[in-house]
Protein chains: 2
Amino acid sequence: MKIDPNSSADLSAQIAQAIKDAIIIGELIVDQRLPSEAELADHFQVSRPTVREALKRLAAQSLIRTQRGATGGAFVNRLSFEDAHAQQVTTSTLLLSMNAVSFETACEARYALERACAPLSAKRRSADQLATMRAEIFRQTQPNLSDEAFCASDVAFHRALVDGAGNPVLSYQLAGAVEAMQPLMNMITFTARDRASIVALHSQIADAIDQGAGTDAAQGLTKLETETLRMAQKVFETRASKP
Amino acid sequence: MKIDPNSSADLSAQIAQAIKDAIIIGELIVDQRLPSEAELADHFQVSRPTVREALKRLAAQSLIRTQRGATGGAFVNRLSFEDAHAQQVTTSTLLLSMNAVSFETACEARYALERACAPLSAKRRSADQLATMRAEIFRQTQPNLSDEAFCASDVAFHRALVDGAGNPVLSYQLAGAVEAMQPLMNMITFTARDRASIVALHSQIADAIDQGAGTDAAQGLTKLETETLRMAQKVFETRASKP
DNA sequence: GACTTTTAAATGTCAGACAAATAAAAAATG
DNA sequence: CATTTTTTATTTGTCTGACATTTAAAAGTC
């Protein structure tokens with residue numbers, strides 16, 4: 001682990017990168033303890049605050065965790081699917097909100113990704129995951145449900161669909177995309193009729209998953225995409241005409 | 001922006017979260033300048049090093065950028081697709097290397113995701129993207145190509161396929177998944193026969209994309225997935241029998 | 001007016017100190 | 001001897017204060 005003394009970059013950024021590289025190439029392995037801050041400061045010939053800034057950068061990416069006390073220190077963290085998922089959601093959410101990504105683009109991406117796991121989910125979903133989908137559909141029929149709760153239930157439904165594929169890599173990638181769209185979805189107020197239409201399609205999809213019919217499930221998702229776009233367009237048009 | 005004085009968490013983590021929240025809810029907008037470190041220290045009633053640790057955490061996530069000098073400071077950064085993509089690759093790579101994700105699982109996820117954009121790519125790909133695919137296929141036929149170069153070309157081919165969908169959200173998500181698999185793919189040494197088989201399938205896929213036949217392209221990807229798994233299995237079996 | 005110099009403000013870095021947490025070692029206690 | 005309590009050493013968390021470096025604007029100079 002070395003840094004370039006001639007680089008113009010911040011020392012803390014260089015040190016963070018050096019440690020990160022060491023983790024990536026396997027020089028530092030999971031749960032291994034890094035040298036203490038004082039030792040690192042000595043090694044890199046910098047002060048302790050600089051080392052600390054570097055370590056905080058790594059901690060922000062869940063690459064290390066720190067513990068106080070006698071046997072404490074910084075340890076290489078096993079990046080969990082949960083951590084990765086959380087990062088993915090934050091990144092995607094900010095990306096969508098900061099880059100004027102159109103509703104159409106985000107929607108297309110979301111449903112394309114979901115269709116990708118429909119066939120897998122139809123084959124592998126557990127009874128529990130199917131039950132979750134049914135339960136969320138039922139929740140969505142309740143008339144007193146707020147818009148936020150309806151959207152949250154929608155996310156839970158799709159999350160169960162994605163998890164049904166039984167592939168944690170897919171789950172982590174897709175759940176991020178689906179959840180990141182929630183703020184955009186929350187901008188739309190669904191009428192009772194819209195909700196009924198969505199629930200009907202959800203039922204079709206759940207039935208297809210139930211029967212192991214992956215292609216049908218994918219077709220259901222395509223219909224849902226079309227419906228969602230139609231509803232969104234209606235809302236945006238209404239807003240544009242009433243400024 | 002406030003922090004909880006009774007929380008047991010690190011002050012720098014709390015402050016970073018507070019600022020992050022402010023960015024997410026839009027209280028701080030892109031390119032807006034944050035208060036200076038001294039002002040933040042005063043606001044949160046902590047010392048400057050603590051504030052700095054918080055800011056470095058945010059910088060590590062590309063949420064802010066800092067500038068030195070008279071009119072310098074920390075500014076809310078517009079998260080670019082490029083930044084998001086880089087983060088995605090790092091996260092996915094570490095996730096795969098640290099969690100003993102099987103080759104099968106990663107492979108399945110990758111091809112499922114790629115199949116999702118095959119129909120879009122068949123409709124929308126530019127002439128340039130198609131030319132890139134053809135060029136990479138040609139490169140892959142060169143006999144003197146090293147294993148690393150072959151894999152890199154493979155990534156470039158699939159990257160062009162994904163970009164062909166013309167959906168930046170999809171590109172950012174999928175390119176991450178594809179690139180993260182490269183270290184796993186690099187573990188496999190392809191025989192000349194394997195390469196020929198891969199190139200033939202790549203040609204099939206490119207032809208399908210050329211003709212706007214999304215379904216055919218997806219089928220080609222499925223064949224490629226099967227082939228890749230078969231080759232990987234062969235390699236792993238050989239290794240297991242010769243320890 | 002154009003150029004140079006100065007100045008002020010901000011981040012980057014350093015040094016040293018103390019607080020707080022924690023586990024191991026040592027001491028006290030029954 | 002076994003158990004409990006106390007001490008101690010180590011490590012991270014935080015603070016104070018200082019200086020270096022960069023940068024743009026202000027002031028000065030020709």
Side-chain angles (χ1 to χ4, degrees), chain A residues 1-20 22-23 28 31-77, chain B residues 1-20 22-23 28 31-77:
Chain A
M1 291 197 296
K2 279 177 186 170
I3 59 176
D4 175 15
N6 299 323
S7 168
S8 63
D10 291 0
L11 289 174
S12 67
Q14 287 185 60
I15 293 169
Q17 189 62 51
I19 298 175
K20 189 170 174 176
I23 294 174
L28 293 169
D31 291 335
Q32 187 173 342
R33 184 180 175 280
L34 272 66
S36 72
E37 294 175 355
E39 286 167 333
L40 285 171
D42 199 54
H43 173 77
F44 288 113
Q45 287 290 297
V46 297
S47 67
R48 193 158 83 94
T50 302
V51 166
R52 282 183 62 79
E53 285 177 11
L55 293 179
K56 294 314 161 201
R57 293 176 116 111
L58 299 174
Q61 297 172 275
S62 302
L63 289 180
I64 62 167
R65 60 179 186 279
T66 55
Q67 240 178 345
R68 294 172 75 164
T71 58
F75 298 82
V76 178
N77 199 30
Chain B
M1 292 197 295
K2 280 180 188 170
I3 60 175
D4 175 14
N6 300 324
S7 168
S8 63
D10 291 1
L11 289 173
S12 68
Q14 288 185 60
I15 293 168
Q17 190 61 51
I19 298 175
K20 189 170 174 177
I23 294 174
L28 293 169
D31 291 334
Q32 186 172 341
R33 184 180 174 281
L34 271 66
S36 72
E37 293 175 355
E39 286 167 334
L40 285 171
D42 198 55
H43 174 76
F44 289 113
Q45 287 290 297
V46 297
S47 67
R48 192 155 84 92
T50 302
V51 166
R52 282 182 61 80
E53 286 177 10
L55 294 179
K56 295 313 163 201
R57 293 177 115 109
L58 299 175
Q61 298 173 275
S62 302
L63 290 179
I64 61 168
R65 60 179 186 279
T66 55
Q67 241 178 345
R68 292 173 75 164
T71 59
F75 297 83
V76 178
N77 199 30

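Keep in mind it's a predicted model, so treat the numbers as computed, not measured. Note that these values count all heavy atoms, side chains included, but never hydrogens, waters or copies made by symmetry. Chain letters run A, B, ... following the sequence lines, proteins first and then strands; every chain starts at 1.
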**OP:** List the steps, then state whether side-chain contact (heavy atoms from CB on, under 4.5 Å) holds for B:Q67 with B:F75.
**Re:** CA-CA 8 Å; B:Q67 241 178 345; B:F75 297 83; 3.6 Å; yes
**OP:** Could you tell me the separation between the CG atom of A:D10 and the C1' atom of C:dT11, rounded to a whole number of Å?
**Re:** 9 Å
Original post:
In whole Å, what is the span from the CG atom of A:L11 to the C1' atom of D:dA20?
Top reply: 12 Å
**OP:** Answer yes or no: does a side-chain N or O of A:T66 lie under 4.0 Å from OP1 or OP2 of D:dT11?
**Re:** no
**OP:** Test side-chain contact (heavy atoms from CB on, under 4.5 Å) on A:I15 and A:L40 and set out the steps.
**Re:** CA-CA 9 Å; A:I15 293 169; A:L40 285 171; over 6 Å; no
Subject >> Inter-residue atom distance B:L11.CG - B:T50.OG1, 0.5 Å rounding >> reply: 6.0 Å
Original post:
Partners of B:R68 by side chain to side chain contact (heavy atoms under 4.5 Å, CB included), sequence neighbours excluded?
Top reply: none
Subject >> Interatomic distance, B:R52 CZ vs D:dA20 C1' [rounded to whole Å] >> reply: 13 Å
**OP:** Please work out if A:R65 contacts a base, only the sugar-phosphate, or nothing of the nucleic acid, heavy-atom cut-off 4.0 Å.
**Re:** nothing
Subject >> For atom NZ of A:K56 and atom C1' of D:dT14, their distance in whole Å >> reply: 11 Å
Identify each atom pair where a protein N or O and an N or O of nucleotides 18-23 of chain C are less than 3.5 Å apart, giving names and distance.
unit_1: C:dA20; atom_1: O4'; unit_2: A:R68; atom_2: NH2; d: 3.2
unit_1: C:dA20; atom_1: N3; unit_2: A:R68; atom_2: NH2; d: 3.4
unit_1: C:dT22; atom_1: O2; unit_2: A:A70; atom_2: N; d: 2.9

**OP:** State which of C:dT13, D:dT16, C:dA10 makes the closest approach to the side chain of A:E53.
**Re:** C:dT13
Subject >> Interatomic distance where CD belongs to B:E37 and C1' belongs to C:dA9 [whole Å] >> reply: 12 Å
Original post:
What is the distance, rounded to the nearest whole Å, between atom CG of A:D42 and atom P of D:dT10?
Top reply: 16 Å
Subject >> Pair A:Q17-A:I3, side-chain contact (heavy atoms from CB on, under 4.5 Å): steps then yes or no >> reply: CA-CA 9 Å; A:Q17 189 62 51; A:I3 59 176; over 6 Å; no
**OP:** Could you check how far CZ of B:R33 sits from P of D:dT23, rounded to whole Å?
**Re:** 15 Å
Subject >> Presence of A:T50 side-chain N/O under 4.0 Å of C:dG12 phosphate oxygens OP1/OP2 >> reply: no
**OP:** Whole angstrom is fine here: how far is it from CD in B:Q45 over to P in D:dT14?
**Re:** 15 Å
